[in-house]
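Residue numbers start from 1 in every chain, and the chains themselves are labelled A, B, ... in the order their sequence lines are given, proteins ahead of strands. Since the model is a prediction, treat every value here as computed from it, not as a measurement.
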Amino acid sequence: MKYDYKKIEKKWQDIWDEKGTFHAVNDYSKPKYYALVEFPYPSGQGLHVGHPRSYTALDIVARKKRFEGYNVLYPMGWDAFGLPTENFAIKNHIHPEIVTKNNIARFKSQLKSLGLSFDWSREVNTTDPGYYKWTQWIFLQLFKKGLAYKKEMNVNWCNGCKCVLANEEVVNGVCERCGGEVVHKTKSQWMLKITEYAQKLLDDLDTVDYIERVKTQQRNWIGRSTGAEVRFSTTQGDTLTVYTTRPDTLFGATYMVISPEHKIIDKWSDVITNMDEVVAYREAAARKSDFERTEVAKDKTGVRLDGVAAINPVNDREIPIFISDYVLVSYGTGAIMAVPGHDTRDWEFAKKFGLPIIEVVKGGDIEKEAFTDCATGIMVNSGFLDGLPVEEAKVKITEFLTEKGIGEPKVNFKLRDWVFARQRYWGEPIPIVHCPVCGYVPLDESQLPLTLPEVESYEPAENGDSPLSTLTEWIETTCPKCGGKAQRETDTMPQWAGSSWYFLRYCDPHNDDALASKEALEYWLPVDWYNGGMEHTTLHLLYSRFWHKFLYDIGVVPTPEPYAKRTSHGMILGEDGQKMSKSRGNVVNPDEVVRDYGADTMRLYEMFIGDFEKAAPWNTNSIKGCKRFLDRVWNLAEKVTDGGIRPQFESAFHKTIKKVGEDIERLKQNTAIAALMTLLNELEASKSVTKGEMKIFLTLLNPFAPHITEELWENIGFEGMLNETTWPKYDEAKCVDSTVEIVAQVNGKVKAKLNVPVDISQDDAIALALSDEKVAQAVEGKTIVKQIYIKGRLVNIVAK
RNA sequence: GCGGGCGUGGCGGAAUGGCAGACGCGCCGGUCUUAGGAGCCGGUGUCUUCGACGUAAGGGUUCAAGUCCCUUCGCCCGCACCA
């Protein structure tokens, strides 16, 4: 019989579907395992070969856990709101709902063709009103707790999309989605106070098992720093507050820089004598994105505010005030005290504008460059701080500032609040009513979901408002509080909203009374293993942790953290080693791979391609190796004879069971497959295989190649379905051979190889090594100074 | 500029501080064949052999370094000049 993968794969996929083989059961007495992969955005391009890398890896984990007796939840769904769909809808005059439906249908059939063991009965879709009802519900809870608020603020405005972007969505100074220019604009926006959770988000990283680089990246993003706020008085009598992490260097502050957007500039417009210049600079800065401001970092620009000055509170010296775009209004207080002696940017600025540079920490050469690496230095030119080490000076100056009432210690975070509004159609409507009398009033929960109304056009309004703003009938409503005339909010939520809690919905996806039942959440949470891309580390992953923590605080979810473990996969690149993209023409279509080689080969190759955590280039040639492997498994299975594991294969099987099991848990599927290949090579060399051997081999291979193994299981006549069996056990004692080859080294150079009993004593091993001709030759005439024996590895004779 | 990674055969990659190159691709040779771009068997880091040299380059720690430390170079990812 031939290995007809097309027939076999269809057959088993249908059987699994019919039987609901991979449905998680609601039997809360069983041990559970919740494996999660990031649900995809169903784009018009269809599935990318990168998607199955993550899905297959955790599919393997899920299948192994089922073998081990766990009640496994491995769900899938669709993160379907978003701009590409909306843009496609605008361009082609098709309703985004239709576009979404079509894209999902395609994605789903592609995923199904890979034989992934998702529980499709729990499929969720963020654009389904039954789903976003609860997204809106969570927003209302945030609003009621004061964590959602509206703020007139400087926002990133995309000229292309005509909409506001979260800072996090601006990539390289252009819109992440359309690539359009991003400028600053003032707009009243719904915001979420993620900053309120900054400390918790930081602290609780210590309680979760995330790979280290994810933790590091989140910590740096949250960016906690300790320092002080210092209030400088000015010649105008106003106070200018700065935040600094180096209050110890206050005596070295020779000027001040405020961001071009700083409000005090308007207040001083009458006294600033060069206001024309200031206004011009301000306008230029507004046109620049934060990224551009950083790009021109080397060439510092700025304008001195003539006619005003600040006063350094420690020595009463008047110091000039500048505006410069290297100071951002969004961090700290939007104003800094410049210490050119000990800060590189300030030093460059001071050099350019001919400002005084004072050394306040000994040790560097401030004529040549700023002395920044001075944490262990001693203070100079600093009055009462002179002679103190930097750390002590920090404490003393902070005490001084606090006593005098001109400053105090301050913890600062880089993390900023989340801009939670989009002037777009294809998103969850924000369930808020604007009442001229009562202000912003939340919709009553019984009114949810507030569904998206039908519109003619999805184009944002000319002024940048949402397409919903043109629907007078929909907008006009009554105030839930006073009953008077009021208007609906026309902005929608960002795409991140629906993905911030989807893993909760999987626990109980059809519940109409709650986002999920208490029992289901108690049982399934936390997610045991969550895998996703590094690109979501600071956006989605942080947002969803924030929402989860909030829901925990209001008693909706039972755990403070959503995910117990987080890993991250590397990207799959094109054959040319570049990122796959339409324009480069290096995109590989997974459908073709499945067609030409089968899903099992595809899965195997996705896992064998390289180190899971690193990027790996696709290579169509290499797929053949995985196909050959399965062909050989098929051929060997046809030769199967009765009997258990033959003695000469006993240790090989025990070792392979151990290795494959451990490697799956370590996310090292590539070496697990290599171990199975090695075992197959050994079996093939013996020209035969027994039923007992094949049973274990098929079980170990099943998570990787589920279709062919089920088929062979049935062909050989093993009882039941393969997926109902249990994971084989290994005996540690049988993983060890009775004899082992060790090397004999002289001064670290290999001189001989010795076959020795595995438990040979150190003395015997050394004696045996020394009796070897080559070893004896190498040590001849020398004095042996040291002898090292590493069990099962080597003997090293150190001779001089 | 800041933060996080990564540099190993022709290629993808293996390697608890302990024989560098497992496994696979490709390539070379053989076999079978009317044929081979199928299958099977053997070989395959570099150098001229005994042997020596080899994990981006240089230095260090160690009996022993791809692995740990320092310096340099190159590449990738993220970014908000974060005061």
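- Remark: the separation of the P atoms in B:C69 and B:G17 is 12 Å, to the nearest Å.
- Side chain A:Lys753 to base B:C19: a donor-acceptor pair is found below 3.5 Å.
- Ion pairing between a basic and an acidic side chain is recognised when a charged N comes within 4.0 Å of a carboxylate O; A:Lys2 and A:Asp4 show no such pairing.
- A:Ser225 comes within 4.0 angstrom of the backbone, heavy atoms only, and of no base.
- Rounded to a whole Å, the CD atom of A:Glu575 is 16 Å from the P atom of B:C25.
- Rounded to whole Å, atom P of B:G24 lies 19 Å from atom NZ of A:Lys668.
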Filtered N/O pairs between nucleotides 3-9 of chain B and protein, under 3.5 Å:
unit_1: B:G3; atom_1: O2'; unit_2: A:Asn220; atom_2: ND2; d: 2.3

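- Between B:C82 and B:G74, the distance separating the two P atoms is 23 Å to the nearest Å.
- Nucleotide B:G78 holds its P atom 18 Å from the CG atom of A:Leu542, rounded to whole Å.
- Side-chain atoms of A:His342 come within 3.5 Å of backbone atoms of A:Val361 as a donor-acceptor pair (strictly under, hydrogens ignored).
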message = Just to be sure I follow the notation: if a pair is Watson-Crick (purine N1 to pyrimidine N3 plus N6-O4 or O6-N4) or a G-U wobble (N1-O2 and O6-N3), each under 3.5 Å, what dot-bracket string does RNA chain B give, with | for pairs to another strand?
response = (((((((..(((.....[....)))((((((.......))))))(((...)))..(((((..]....))))))))))))....
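- Between the side chains of A:Asp346 and A:Tyr326, at least one donor N or O lies within less than 3.5 Å of an accepting N or O.
- For the P atoms, the distance from B:G78 to B:C70 is 27 Å, rounded to whole Å.
- In this structure, A:Lys639 does not pair ionically with A:Glu684, as no charged nitrogen and carboxylate oxygen lie closer than 4.0 Å.
- Across B:A83 and B:C6, the matching P atoms stand 26 Å from one another, rounded to whole Å.
- With a glycosidic angle further than 90° from 0, B:G29 counts as anti.
- Between the C1' atom of B:C79 and the CD atom of A:Glu535 lies a distance of 15 Å, rounded to the nearest Å.
- Which of B:A80, B:C23, B:C19 sits closest to the side chain of A:Trp221 comes down to B:A80.
- Residues forming a side-chain contact (heavy atoms from CB on, under 4.5 Å) with A:Lys624 (at least two apart in sequence, or on another chain): A:Tyr597, A:Asn621, A:Arg628.
- Between B:U62 and B:G30, the distance separating the two C1' atoms is 48 Å to the nearest Å.
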query = In the 5'-to-3' direction, what one-character label does each nucleotide of nucleotides 47-55 of chain B receive under the scheme B = base within less than 4.0 Å of a protein heavy atom, S = sugar-phosphate only, - = no such atom?
reply = ----S-S--
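- Side-chain atoms of A:Asp325 do not come within 3.5 Å of backbone N or O of A:Pro260 as any donor-acceptor pair.
- Under a 4.0 Å N-O distance rule, the pair A:Asp759/A:Lys791 does not qualify as a salt bridge.
- Using C1' as the reference atom, B:A14 and B:U61 are 26 Å apart when rounded to the nearest Å.
- With sequence neighbours excluded, no residue forms a salt bridge (Lys or Arg N to Asp or Glu O under 4.0 Å) with A:Asp596.
- Within 4.0 Å of A:Glu741, counting heavy atoms only, lies at least one base atom of the nucleic acid.
- Only the P atoms considered, B:U8 is 9 Å distant from B:G13, to the nearest whole Å.
- Mapping A:Cys626 and A:Ile742 onto RNA chain B via the closest heavy atom, the residue that lands nearer the 5' end is A:Ile742.
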Below 3.5 Å between N/O atoms, which protein atoms pair up with nucleotides 59-63 of chain B? Just atom names and distances, please.
unit_1: B:C63; atom_1: OP1; unit_2: A:Lys786; atom_2: NZ; d: 3.4
unit_1: B:C63; atom_1: O2'; unit_2: A:Asn796; atom_2: ND2; d: 3.3
unit_1: B:C63; atom_1: O2; unit_2: A:Asn796; atom_2: ND2; d: 2.7

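- By the side-chain contact (heavy atoms from CB on, under 4.5 Å) test, A:Ser225 is found to be paired with A:Tyr243, A:Thr245, A:Tyr331, A:Asn412, residues two or more places apart in sequence or in another chain being considered.
- Every side-chain contact (heavy atoms from CB on, under 4.5 Å) that A:Arg793 has, sequence neighbours left out, goes to A:Ile790.
- Computed from coordinates, the A:Leu636 CG to B:G39 C1' distance equals 15 Å when rounded to whole Å.
- Side-chain contact between A:Met337 and A:Val339 is present, with at least one heavy-atom pair separated by less than 4.5 Å.
- Closest contact between the side chain of A:Thr244 and the listed nucleotides B:C25, B:C82, B:A83 involves B:A83.
- Nucleotides B:G24 and B:U16 have their C1' atoms positioned 25 Å apart, rounded to a whole Å.
- Between A:Ile258 and A:Phe322 the shortest side-chain heavy-atom distance does not fall below 4.5 Å.
- Of the candidate nucleotides B:A15, B:G13, B:A83, B:A15 has the atom nearest to the side chain of A:Thr671.
- In this structure, A:Asn635 has no side-chain contact (heavy atoms from CB on, under 4.5 Å) partners at least two apart in sequence or on a different chain.
- Counting any heavy atom pair closer than 4.0 Å across all strands shown, A:Asp346 reaches no nucleic acid atom.
- Residues A:His540 and A:Trp496 have side chains in contact (heavy-atom distance under 4.5 Å, counting atoms from C-beta outward).
- Distance A:Asp663 CG to B:A22 P: 17 Å, rounded to the nearest Å.
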What does the list of N/O pairs under 3.5 Å between the protein and nucleotides 10-12 of chain B look like, with a distance for each?
unit_1: B:G12; atom_1: O2'; unit_2: A:Ile609; atom_2: O; d: 2.4

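- Summarising the geometry, the separation between CG on A:Leu676 and P on B:A22 is reported as 18 Å, rounded to the nearest angstrom.
- In this structure a side-chain-to-backbone donor-acceptor pair under 3.5 Å is missing from A:Asn796 to A:Ile788.
- The closest donor-acceptor contact from the side chain of A:Tyr605 to the backbone of A:Trp618 lies at 3.5 Å or more, if one exists at all.
- Using a 4.5 Å heavy-atom threshold, the side chains of A:Thr56 and A:Phe704 count as separate.
- Put simply, CG on A:Leu539 is 10 Å from P on B:A80, counting in whole angstrom units.
- Phosphate contact (OP1/OP2 of B:A14, side-chain N/O of A:Asn670, threshold under 4.0 Å): present.
- When side chains are defined from C-beta on, A:Ile264 counts as touching A:Leu240, because their heavy atoms get closer than 4.5 Å.
- Using a distance-only test at 3.5 Å, with no hydrogens or angles considered, no donor-acceptor pair links the side chain of A:Arg53 to the main chain of A:Met607.
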key: salt bridge (charged side-chain N to carboxylate O under 4.0 Å, His left out) evaluation trace for A:Lys394 with A:Glu391   = CA-CA 5 Å; A:Lys394 270 185 190 169; A:Glu391 284 309 312; 3.7 Å; yes
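- For residues 211-226 of chain A, the salt bridge (Lys or Arg N to Asp or Glu O under 4.0 Å) pairs, not counting sequence neighbours, are A:Asp206-A:Arg219, A:Glu212-A:Arg219, A:Arg213-A:Glu613.
- Taking every heavy atom of residues 627-635 of chain A and every atom of RNA chain B, pairs under 4.0 Å involve A:Arg628, A:Arg632, by number.
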